[in-house]
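Lettering follows sequence order; numbering is per chain, from 1. Worth saying up front: this structure is predicted, and the values here are computed from it rather than measured.
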Protein chains: 2
Amino acid sequence: MTTAKKEIGAGLRRHIEAISPLTDAEWEFVSRHFTPRKLRKHQYLVQQGDPVPYDFWVVSGLLKAYAVDEDGKEHILQFAMEEWWCTDYHAYQTESKAAIFIDCMEACEVLCLRLRDRETICGQVRAMERFFRIKSNLGYIALQKRIISLLKEPAEERFGNLIRQYPRLAQRVPKKHLAAYLGVSRETLSRLKK
Amino acid sequence: MTTAKKEIGAGLRRHIEAISPLTDAEWEFVSRHFTPRKLRKHQYLVQQGDPVPYDFWVVSGLLKAYAVDEDGKEHILQFAMEEWWCTDYHAYQTESKAAIFIDCMEACEVLCLRLRDRETICGQVRAMERFFRIKSNLGYIALQKRIISLLKEPAEERFGNLIRQYPRLAQRVPKKHLAAYLGVSRETLSRLKK
DNA sequence: AACGGCCTGTGATCTACCTCACTTAAAAAG
DNA sequence: CTTTTTAAGTGAGGTAGATCACAGGCCGTT
């Protein structure tokens with residue numbers, strides 16, 4: 001492992017161990033299955049219609065995952081900043097074609113994990129199976145909250161909650177993308193801010 | 001274990017083993033941690049503001065999980081029929097107070113699982129940790145699809161997809177509840193059907 | 001048979017939000 | 001520094017869907 005890769009990996013180890021501690025040997029085994037990749041702004045990690053061999057863990061930078069409707073409008077499923085996981089999970093798990101796009105809103109470094117490697121890791125390292133179980137639970141809870149928010153809150157309240165919950169993200173992301181995440185038009189969001 | 005309980009449990013075992021096989025000894029251990037409960041139509045399993053000690057697995061019947069807004073309107077997060085899991089996962093995991101209601105749309109039999117028992121099961125039985133990890137992944141994927149659907153599809157298309165994907169459910173559930181699930185008013189849904 | 005609930009459909013408004021068009025400002029790209 | 005691209009605010013007008021109000025149908029109860 002290169003020095004650069006070690007530094008990158010250290011962040012991932014901390015991230016995992018916040019939930020499920022690893023021995024050095026386990027970490028050594030786990031980290032071997034991630035491959036680092038650098039991307040420039042506007043590069044795609046996933047494109048609709050393509051296979052999705054990897055799950056991505058963001059070391060640095062900022063991604064957006066979005067669906068495009070027949071009018072060409074983007075609807076943002078998820079942003080992913082440092083220490084977030086992101087991929088088209090449906091296509092990834094079922095080894096089918098992507099239904100969404102994922103691209104870089106800023107230059108990014110990511111760690112890539114193949115499905116079969118994830119399964120190997122979970123099979124060999126008990127703590128990692130636990131990690132992914134808990135991580136997945138937390139993700140499920142977050143999505144439930146978003147669905148409730150979409151169903152019962154008016155646009156203004158959804159916007160307020162977003163700013164309160166992810167102030168750093170709201171800074172970093174152009175407002176038109178926040179609109180696409182909240183499910184309102186750019187113009188409406190602009191008017192809401194008063 | 002009573003005969004009745006054995007029969008009920010058999011369904012759960014099949015459900016689990018469809019994802020992750022168990023030895024008889026493991027199943028014996030696992031099943032001990034579930035407690036059966038019967039409920040009448042309109043009874044609550046979870047009420048907003050109360051603690052949420054259990055995750056529920058539906059043996060028979062039909063639940064709805066919903067949030068209520070300030071106007072008293074219901075927004076349905078999830079239906080749960082036979083073989084579905086349901087609870088307020090946020091409150092359950094964090095042992096905090098429920099943000100939603102869950103009640104029986106029909107008379108129900110459920111199996112109840114305490115958080116600490118779920119963790120015990122996952123800790124003791126490797127196959128169960130795998131089961132919950134995979135189940136949770138699948139749930140996450142389903143919620144991602146629903147979010148994309150809410151963001152990019154007009155009400156009519158959401159309704160069509162719902163009927164295609166869950167025809168049995170759409171039969172069983174009063175249409176006003178389908179409307180509350182889709183995020184449209186009862187009247188609008190009625191007009192859409194033409 | 002008659003009563004009260006609950007569900008569903010339908011007409012008549014009303015409104016939150018969308019779309020289109022234009023302007024200004026700021027940031028990349030050259 | 002200049003040009004091109006991208007972001008953001010604002011006005012005018014349109015529309016999907018909300019809300020309100022009422023009517024008929026289908027239960028299970030008395």
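- Nearest nucleotide to the side chain of Pro154(B), out of dC18(C), dG17(D), dC7(C): dG17(D).
- The aromatic rings of Tyr89(A) and Tyr92(A) sit perpendicular to each other, their planes meeting at more than 60°, with 30° as the lower class boundary.
- Taking only side-chain atoms of Ser190(B), from C-beta outward, the nucleotide of dT19(D), dT10(C), dG9(D) with the closest atom is dT10(C).
- With ring centers used as reference points, Phe131(B) lies under 6.0 Å from His15(B).
- Checked against a 6.0 Å centroid threshold, the rings of Tyr140(A) and Tyr140(B) do not count as neighbours.
- Rounded to an integer number of Å, the gap from CG of Leu189(A) to P of dG9(D) is 8 Å.
- No hydrogens or angles were tested; on distance alone, a donor-acceptor pair under 3.5 Å links the side chain of Arg191(A) to the base of dT19(C).
- Computed from coordinates, the Lys64(A) NZ to dT6(D) C1' distance equals 12 Å when rounded to whole Å.
- In the model, Arg146(A) has no side-chain atom that pairs as donor or acceptor with a side-chain atom of Gln144(B) under 3.5 Å.
- Between Val173(B) and Glu156(A), the residue anchored closer to the 5' end of DNA chain C is Val173(B), taking for each the nucleotide with the nearest heavy atom.
- Checked against dA7(D), dA18(D), dC7(C), the side chain of Pro174(B) finds its nearest nucleotide in dC7(C).
- Between Ser185(A) and dT19(C) there is no side-chain N or O to OP1 or OP2 distance below 4.0 Å.
- Atom pair Lys73(A):NZ and dC18(C):C1' shows a separation of 8 Å (rounding to whole Å applied).
- Between the side chain of Arg186(A) and the base of dA7(D), no donor-acceptor pair of N or O atoms lies under 3.5 Å.
- Comparing Glu187(B) and His42(B), the nucleotide of DNA chain C nearest to each residue sits closer to the 5' end for His42(B).
- Rounded to whole Å, atom P of dA16(D) lies 17 Å from atom CD of Glu153(B).
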